[in-house]
Amino acid sequence: EPKAERSMIESTDHQPEFLSAKELAMKLKRSVWYVYAMRRQGFRMIGGRTTVEAAMIWLERNPHPHQRKPKNLKATQ
């Protein structure tokens, strides 16, 4: 098999890379605090690891994880 063909085949057999919060932050070009904010907003990292693909899907649905949800305000009388 020629080398170019072999590398194309290997690239299609992509195994997901499971990343820590710090590694994910580097891949997303964000700070680790951004990933922590994602987790506060409900992003799950099973065993403290996740994939870039899972993070991107979550971010499509939750575009601003760094913004805190407003606290419940008590009704004023």
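- The side chain to side chain donor-acceptor pair (under 3.5 Å) contacts involving residues 19-28 comprise Ser20-Glu23, Glu23-Arg49, where partners must be two or more places apart or lie in separate chains.
- Taking all atoms of both residues into account, the shortest heavy-atom contact from Pro65 to Ala37 is O-CB, 3.4 Å.
- Contact annotation: the side chain of Thr51 approaches that of Phe18 to within less than 4.5 Å [non-hydrogen atoms, C-beta and beyond].
- Within the hydrophobic cluster formed by Ile, Leu, Val, Met, Phe, Trp and Tyr side chains joined at under 4.5 Å, directly or through other members, Val32 is accompanied by Trp33, Tyr36.
- Counting side-chain heavy-atom gaps under 4.5 Å among Ile, Leu, Val, Met, Phe, Trp and Tyr, the cluster of Met38 also holds Leu19, Leu24, Leu28, Tyr34, Val35, Phe43, Met45, Val52, Met56, Trp58, Leu59.
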